[in-house]
Every structure is written in structure tokens, then in C-alpha cells.
Amino acid sequence: MPRALIYVLLILGLIILALVFMPLKLAVSIAGLEDSKFSAREISGSIWNGRIEQAQLGPLALGDLDAGVQLLPLLTGKVKMDLERPANPGDTGLVATIGKQGSTLLIENATTNLSVGQTLAPLPASNIALDDVSVAFAGGRCQSASGRVRLSLDANIPGLDLKQGLLGNATCEDGVLVLPLVSGSGMEELTMKLEGNGFYTARLFLNGNERAWTMLLPTLGFQKVPSGYAIKVAGQLGQKGR
């Protein structure tokens, strides 16, 4: 066997061994995900069968996830990880693919229900449900977005039935991720915008002039606008809304 071929086979063998035994934590670091609002308390196991504990995407808690790197994208220099949190009583679970190549951050086919917590305060939002949501940011700009989003509001406002939340499809507008959400009646609208640097805005508009709103809504942070009331918040992912 020619010596050159032996060297080639040896190098290929070393690459295969490195891939087989590469720890998941190293793959996450190589992918640059730790610099893209993704964090975790602990990352363990191999790239094929790993575990991510107390994962976070910005301020959104993803929980403890099983993780595995896809082989074919890895061969082209792209790291894409399949994430899963099995469903159980009281938890709808999570499935998603997250990855990065160069300056492009990918979130693909994400389906889960996430607690918003205080991220959008004083907006009365409680949780956000994703249904097959995919988003790609490149160079800090939204390149593509799709999938269904539902935002649940935790507010007891007379004259409104917000139990079904506000729904809409993710989209990109001028490099910004936009979630245009409306209620079933179409009388309530919420527009959320997220920029690549993590800055977000959210505006909730309530169409109507219920007498009870005159005293109640201003105490919740709403302002009177033509044909209704509106509240707007802005902030940075990982910080409390303002």
C-alpha cells in the first residue's frame, strides 16, 4: 500500500475517532451557540447522545434536554443539534433543532410551550406556545421565519375573553422577527418584534371603549388611543421588560 494512502487513511481514522468521542459541550462551543443567547447549567455526554441541563434561550427556560448532533450537516461544517424534552403530565415537552454556521443562527421545527415569566412585564403575558416554528438569523438580521405562535395572556379584563390567547404566524420584516398575533374575535392585537441583538418590543392593542376600562386599564399600564387602549413594552432578552 502506498505510504501516502496510509497517511490519508490514518488521518481519516483520527477524524472519525475524534467525531465519535467528541463531547457535546465541545460541539456546542464550536457551534458558537453559547454566544447566541443559548446557555445551560451543565452539558454532558457525547455529541451523539448528550444531555443539556437547565437550558436557556435568552430568558426562556427550556428545561433538561436530550441532545444529539446530526451527522450529515456536521460533514459540511455545520453543527445542528436535535433537542428533546419528553412530554409528561403538566408538560407538553419540547422538540427542536438548533444550530449555527458562520454568522447564521438556526432554530428549526420548534414545538413547545414556554413560560414568559417577567420578560414582557408589565404586559400581562403568561406563556408562549410554538408550533413547528423555524427562524434563521444571519449577521443579526432575520432571514426567514415560519410556524404558528400562540401567546396566552393572564389578565382579567371585563368585556374580554382571552382564554384562547392570541395567535399568528412568525415572519420577517426588514431583518426583524415579527409575531403579529390576534385574538379569535380580532378585537385584540399584539405585535412582537425581535431584533438580532436581542432587543424586543411588544404592543398590545384592545379595541373598544368599555366603561370599566376607564379606571382599570390605566392602572395596568395601558394608555388611551383612538378606538381603544394600548400598552407597549421594550427590553433586552435576559432582562426584565420595561
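Note that the structure is a prediction, hence the values are computed from the model and not measured.
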List the atom pairs, with distances to 0.1 Å, where a side-chain N or O of residues 60-71 and a protein N or O form a donor-acceptor pair under 3.5 Å, not counting sequence neighbours.
residue : atom : partner : partner atom : Å
D64     : OD1  : Q54     : N            : 2.7
D66     : OD1  : R51     : NH1          : 2.8
Q70     : NE2  : D82     : OD1          : 2.8
Q70     : NE2  : D82     : OD2          : 3.4

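- Going from atom CD of E189 over to atom CG of L181 covers 10.0 Å, rounded to the nearest 0.5 Å.
- Of the inter-residue distances, the one linking N169 atom CG with D131 atom CG reads 9.5 Å to the nearest 0.5 angstrom.
- With a 4.5 Å cut-off on side-chain heavy atoms, I47 and P23 do not count as touching.
- A single hydrophobic cluster is not seen to contain both M187 and V182; linkage of ILVMFWY side chains at heavy-atom distances under 4.5 Å, directly or through other members, places them apart.
- M192 and L167 fall into different hydrophobic clusters, where Ile, Leu, Val, Met, Phe, Trp and Tyr side chains are chained together by heavy-atom contacts under 4.5 Å.
- The number of heavy-atom neighbours closer than 6.0 Å to CZ of R211, taken from other residues, nucleotides and ligands shown, is 12 or below.
- Within a 6.0 Å radius of CG in D174, no more than 12 heavy atoms belonging to other residues, nucleotides or ligands are found.
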Check your understanding: Taking it one step at a time, do M81 and V28 satisfy side-chain contact (heavy atoms from CB on, under 4.5 Å)?
Key -> CA-CA 9 Å; M81 290 189 296; V28 170; 3.7 Å; yes
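- The heavy-atom pair separating I231 from G221 by the smallest distance is CG1-O, 3.6 Å.
- For the atom pair CD1 (I107) and OG (S134), the distance works out to 9.0 Å, reported to the nearest 0.5 Å.
- Using modelled atom types, one finds no donor on one side chain facing an acceptor on the other under 3.5 Å when comparing E108 with T97.
- Hydrophobic clustering (ILVMFWY, side-chain heavy atoms < 4.5 Å, transitive): L220 and V225 are in distinct clusters.
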*Under the side-chain contact (heavy atoms from CB on, under 4.5 Å) criterion, do L204 and Y229 qualify, and how do the steps go?*
CA-CA 8 Å; L204 174 61; Y229 287 81; over 6 Å; no
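- Contact of the T191 side chain with the F205 side chain is not registered, since no non-hydrogen atoms from C-beta on lie closer than 4.5 Å.
- Looking at L94 and E84, their side chains never come closer than 4.5 Å, going by heavy atoms from C-beta outward.
- Here the closest heavy-atom approach between residue L106 and residue A136 is recorded as CD2-CB, 3.7 Å.
- In this structure, the side chain of T112 engages the main chain of G93 through a donor-acceptor pair within 3.5 Å.
- Two residues are said to be in side-chain contact when any heavy atoms from C-beta on lie closer than 4.5 Å; V116 and L114 fail this criterion.
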- Task: Could you go through the side-chain contact (heavy atoms from CB on, under 4.5 Å) check for L190 and L123 one step at a time?
- Result: CA-CA 10 Å; L190 186 144; L123 195 71; 3.6 Å; yes
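- Looking at Y200, its side chain does come within 3.5 Å of a backbone N or O of T119 through a donor-acceptor pair.
- Not a single donor-acceptor pair under 3.5 Å links the side chain of W213 to the backbone N or O of L206.
- Annotation for E195 and F137: closest pair C-CE2, 4.1 Å, computed over non-hydrogen atoms.
- Here CG of N207 is found 11.0 Å from CD of E210. Values are rounded to the nearest 0.5 Å.
- Using a 4.5 Å heavy-atom threshold, the side chains of T111 and L130 count as separate.
- We find the OG1-NZ distance between T214 and K224 to be 8.0 Å, quoted to the nearest 0.5 Å.
- Counting only distance, with no hydrogens or angles, the side chain of S183 and the backbone of L166 share no donor-acceptor pair below 3.5 Å.
- When all heavy atoms are compared, the tightest approach of V233 to P122 is CG1-CD, 3.5 Å.
- With respect to the salt-bridge test (charged N to carboxylate O, under 4.0 angstrom), the residues E173 and K193 do not qualify.
- Proximity of L83 to I52: side-chain heavy atoms (C-beta onward) are separated by under 4.5 Å at one or more points.
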Only distances under 3.5 Å count here; give the side-chain donor-acceptor pairs of residues 142-155 to other protein atoms, sequence neighbours excluded, each with its distance to 0.1 Å.
residue : atom : partner : partner atom : Å
Q143    : NE2  : R141    : O            : 3.3
R150    : NH1  : Q164    : O            : 2.4
S152    : OG   : N127    : OD1          : 3.3

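- Using a 4.5 Å heavy-atom threshold, the side chains of L24 and S44 count as separate.
- Side-chain contact between P89 and D91: absent, with no pair of heavy atoms (C-beta onward) separated by less than 4.5 Å.
- Separating the CD1 atom in I98 from the CG atom in L105 is a distance of 6.0 Å, to the nearest 0.5 Å.
- For the residue pair V178 and P180, the shortest heavy atom distance occurs at O-CD, 3.5 Å.
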